[in-house]
Amino acid sequence: MYLFLLAVIYLAFISLGLPDSLLGSAWPTIHAGFDVPLSYMGMISMIISGGTIVSGLMSERITKKAGTGIVTVASVFLTAAALFGFSASTGFYQMCLWGIPYGLGAGAIDAALNNYVALHYNSRHMSWLHCFWGVGTIISPYIMSYALMHSAWTNGYRTVSLLQFGIAAVLLFTLPIWKVNKPAAAGENSTKVLGIKGALKIKGVPYLLIGFLSYCAAEATTMLWASSYLEGTRGASKEEAAAFGSLFFIGITAGRFLSGFISDKLGDNKMIHLGIGIALFGAFCISVPVKIITVTGFVIIGLGCAPVYPCIIHSTPKNFGAENSQGIIGIQMASAYVGSTFMPPVFGLIAEHISLNLMPVFLALFMILLLVMIYKTERAVIK
């Protein structure tokens, strides 16, 4: 039963990744069809991320009251319904409205599942589970690319929505197995709510929140703007850009698969440092004005990003205590989505009013900030 639960969690992580790469791969077509500026993608991503901030901050209370299983099922159903709403949208404002339930669903499941895995599984499983998130992000751009070539972007969203409904149904039918799991980690069943003020008083947490914000700012910008960058600076067609944009997700998925074999040996902190270094090299590669090097650079950025997110999450109970991990991880999710909310729109304005070519510099700055904050967190925890 324990292994069966692990398989269900793997499936849930696929559902987490499926919607994440759709908007970026379809946006070159959507913004032209709706006759809105290129930068408007940032508005939709801001609404989605805003919803995840709210649900991330609420996740500690909701998960402790309802349980991880119920939160997971409800969240996947909510995101599936929102994706179907995207597919039925006939105007930009409708996509903005459907972004609200999508964001609320995504934030709740992200915090609940990540805390559960951090408490009950070792680092390699965290890497492999996030690898399955990457599987979802790889599948959906190809679905969108096929839809763009043979019908319309709305069919891409509709197909992914139906896949999400199928996953939600499986999760619903297997809900009873969440009660049959490993013994609760120390402090896991505590009903005490840490809250934002309580979390910020813990040494190292503020630095970690800034670092997580920086990481997700870089990741989300890459995720959302890779296709537009390839089309606008390297002359890729819309169809090519949609497909090539998924190479970042191939890199991050392959990287997390490989990370699973070495993360327990190297430890979370060394994996984070290694990942940042690789991502910085990838940012340099996409600055080279040669299409094949740029495309390869997005794969390298993905490889570098691969261990960062899962290792930060996995180290949270160890660094700050199992009794505090749900609250801190929920706030981490909220902090991460602040980066996802505001930084891609900021880059959208830079791209529209200055140049798309500044994307490598934009990414490198946030990766350097992440590295500084990780060092400060490590020093605070050791003290």
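From a predicted model like this one, the values you see are computed outputs, not experimental measurements.
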**Q.** Ser335 side chain to Gln332 backbone, donor-acceptor under 3.5 Å
**A.** no

Q: Consider only side-chain heavy atoms of I, L, V, M, F, W and Y, link residues closer than 4.5 Å, and tell whether Tyr93 and Phe84 are in one cluster.
A: no

In a table with atom names and distances, give each donor-acceptor pair under 3.5 Å that connects a side chain of residues 204-213 to protein atoms at least two apart or in another chain.
none

Q.
Determine whether a donor-acceptor pair (N or O, by modelled atom type, separation under 3.5 Å) exists between the side chain of Ser75 and the backbone of Thr72.
A. no

Q.
For Leu38, is there any backbone N or O sitting under 3.5 Å from a side-chain donor or acceptor partner on Glu352?
A. no

Q) Do Ser227 and Glu231 have a side chain donor and acceptor closer than 3.5 Å? A) no

Q: Show the numbers, then the answer: is there a side-chain contact (heavy atoms from CB on, under 4.5 Å) between Ile143 and Leu163?
A: CA-CA 11 Å; Ile143 292 174; Leu163 286 174; 3.8 Å; yes

Q) Where do Glu240 and Lys291 land on the side-chain contact (heavy atoms from CB on, under 4.5 Å) test, with the steps shown first? A) CA-CA 12 Å; Glu240 283 180 330; Lys291 185 191 281 189; 3.8 Å; yes

Q.
Would you compute the distance between atom CZ of Arg256 and atom SG of Cys131 and round it to the nearest 0.5 angstrom?
A. 8.5 Å

(Q) Applying side-chain contact (heavy atoms from CB on, under 4.5 Å) to Ile300 and Phe281, what does each step give before you reach the verdict? (A) CA-CA 7 Å; Ile300 294 172; Phe281 177 66; 3.8 Å; yes

Q. Do the non-hydrogen side-chain atoms of Ile312 and Ile374 ever get within less than 4.5 Å of each other?
A. yes

Q) Quick one: do Ile62 and Leu16 end up in the same hydrophobic cluster if we chain Ile, Leu, Val, Met, Phe, Trp and Tyr together by side-chain heavy atoms under 4.5 Å apart? A) no

Q) Do Leu200 and Lys197 come close enough that some side-chain heavy atom pair is under 4.5 Å? A) no

Check residues 354-363 and write down every donor-acceptor pair under 3.5 Å in which the side-chain atom is one partner and the other belongs to a residue at least two apart or another chain.
| unit_1 | atom_1 | unit_2 | atom_2 | d |
| --- | --- | --- | --- | --- |
| Ser355 | OG | Asn357 | N | 3.0 |
| Ser355 | OG | Asn357 | ND2 | 3.2 |

Q) Ala26 and Trp153: which non-hydrogen atoms are nearest, and at how many Å? A) CB-CB, 4.4 Å

Q: Would you please test Phe320 and Lys203 for side-chain contact (heavy atoms from CB on, under 4.5 Å) and show each step?
A: CA-CA 9 Å; Phe320 306 112; Lys203 288 184 178 180; over 6 Å; no

Q: Mark yes or no for whether Ser55, through its side chain, and Leu104, through its backbone, hold a donor-acceptor pair below 3.5 Å.
A: yes

Q. Does Tyr309 reach the side chain of Tyr215, with side-chain heavy atoms less than 4.5 Å apart?
A. yes

Q) Does any non-hydrogen side-chain atom of Val8 lie less than 4.5 Å from one of Val170? A) no

Q) So, for Val71 and Ala66, which heavy atoms are closest and what is the spacing to 0.1 Å? A) CG2-CB, 4.3 Å

Q: Verify the cluster assignment for Leu280 and Val308: are they in a single hydrophobic cluster under the rule of side-chain heavy atoms below 4.5 Å apart?
A: yes

Q | ring-ring contact (aromatic ring centres under 6.0 Å, His included) partner of Phe92, chosen from Tyr40, Trp98, Phe34 | A | Tyr40

Q | More than 12 heavy atoms from other groups under 6.0 Å of CZ on Phe77 | A | yes

Q.
If you define the side chain from C-beta out and look only at heavy atoms, does anything of Leu5 sit under 4.5 Å from Tyr116?
A. yes

Q | Contact summary for Ile301 and Ala279, nearest pair of heavy atoms | A | CG1-O, 3.9 Å

Q. Is the backbone of Leu171 close enough, under 3.5 Å, to the side chain of Thr174 for a donor and an acceptor to pair up by distance?
A. yes

Q) What are the two closest heavy atoms between Leu78 and Gly105, and how far apart are they? A) CD2-N, 3.6 Å

Q) Can you find a pair of side-chain heavy atoms, one from Pro344 and one from Met41, that are under 4.5 Å apart? A) no

Q.
Could you check whether His150 and Asn155, counting side-chain N and O atoms only, form a donor-acceptor pair closer than 3.5 Å?
A. no

Q: Determine, using the 4.5 Å side-chain heavy-atom cutoff (strictly less than), whether Phe4 and Ile167 are members of one ILVMFWY cluster.
A: yes

Q. Looking only at heavy atoms, which two atoms of Ala106 and Thr52 are closest? And how far apart?
A. CB-CG2, 3.9 Å

Q: Look at atom NZ of Lys376 and say whether more than 12 heavy atoms of other residues, nucleotides or ligands are closer to it than 6.0 Å.
A: no

Q. Taking the six-membered ring for Trp, are Phe132 and Tyr10 parallel (under 30°), tilted (30 to 60°) or perpendicular (over 60°)?
A. perpendicular

Q.
Is there a side-chain contact between Ile272 and Pro307 in this structure, where contact means two heavy atoms from C-beta onward sitting under 4.5 Å apart?
A. no

(Q) I'd like to know if the side chain of His314 and the backbone of Met126 have a donor-acceptor N/O pair within less than 3.5 Å. (A) no

Q. Rounded to the nearest 0.5 Å, what separation is found between the CG atom of Asp268 and the OG atom of Ser127?
A. 8.0 Å

Q.
Has His31 got a side-chain atom pairing as donor or acceptor with Val36's backbone, closer than 3.5 angstrom?
A. yes

Q.
Rounded at 0.5 Å granularity, tell me how far CD in Glu219 sits from CE in Met343.
A. 15.0 Å

Q: Mind checking the CD1-CE spacing from Ile278 to Met367? Nearest 0.5 Å is all I need.
A: 11.0 Å

Q) Is there a donor-acceptor pair closer than 3.5 Å between any side-chain N or O of Ser140 and the backbone N or O of Pro19? A) no

(Q) To the nearest 0.5 Å, what is the distance between CD1 on Ile47 and CG on Leu97? (A) 7.5 Å

Q: Report the distance from atom CE of Met223 to atom CG of Leu22, rounding to the nearest 0.5 Å.
A: 11.0 Å

Q) Hey, does the side chain of Trp128 reach the backbone of Phe257 with a donor-acceptor pair shorter than 3.5 angstrom? A) yes

Q) When you check the side-chain N and O atoms of Thr63 and Asn115, is any donor under 3.5 Å from an acceptor? A) no

Q.
Within the supplied structure, the quantity of interest is the number of heavy atoms (other residues, nucleotides, ligands) at a distance under 6.0 Å from Phe165 CZ; does it exceed 12?
A. yes

**Q.** Cluster overlap Leu365 with Leu370, hydrophobic side-chain contacts below 4.5 Å
**A.** no

Q | Donor-acceptor pair, side chain of Thr222 and main chain of Ala218, under 3.5 angstrom | A | yes

Q) Are Phe248 and Cys305 close enough that some pair of their side-chain heavy atoms sits under 4.5 Å apart? A) yes

Q: Indicate the ring-plane relationship of Phe298 and Tyr229, choosing parallel, tilted or perpendicular according to the 30° and 60° boundaries.
A: perpendicular

Q: Determine whether the aromatic ring centres of Phe86 and Tyr157 lie less than 6.0 Å apart.
A: yes

Q. What heavy-atom pair brings Leu113 and Ala12 nearest, and what distance separates the two atoms?
A. CD1-CB, 3.6 Å

Q) In terms of side-chain heavy atoms, does Arg234 have a donor or acceptor partner in Thr294 at a distance below 3.5 Å? A) yes

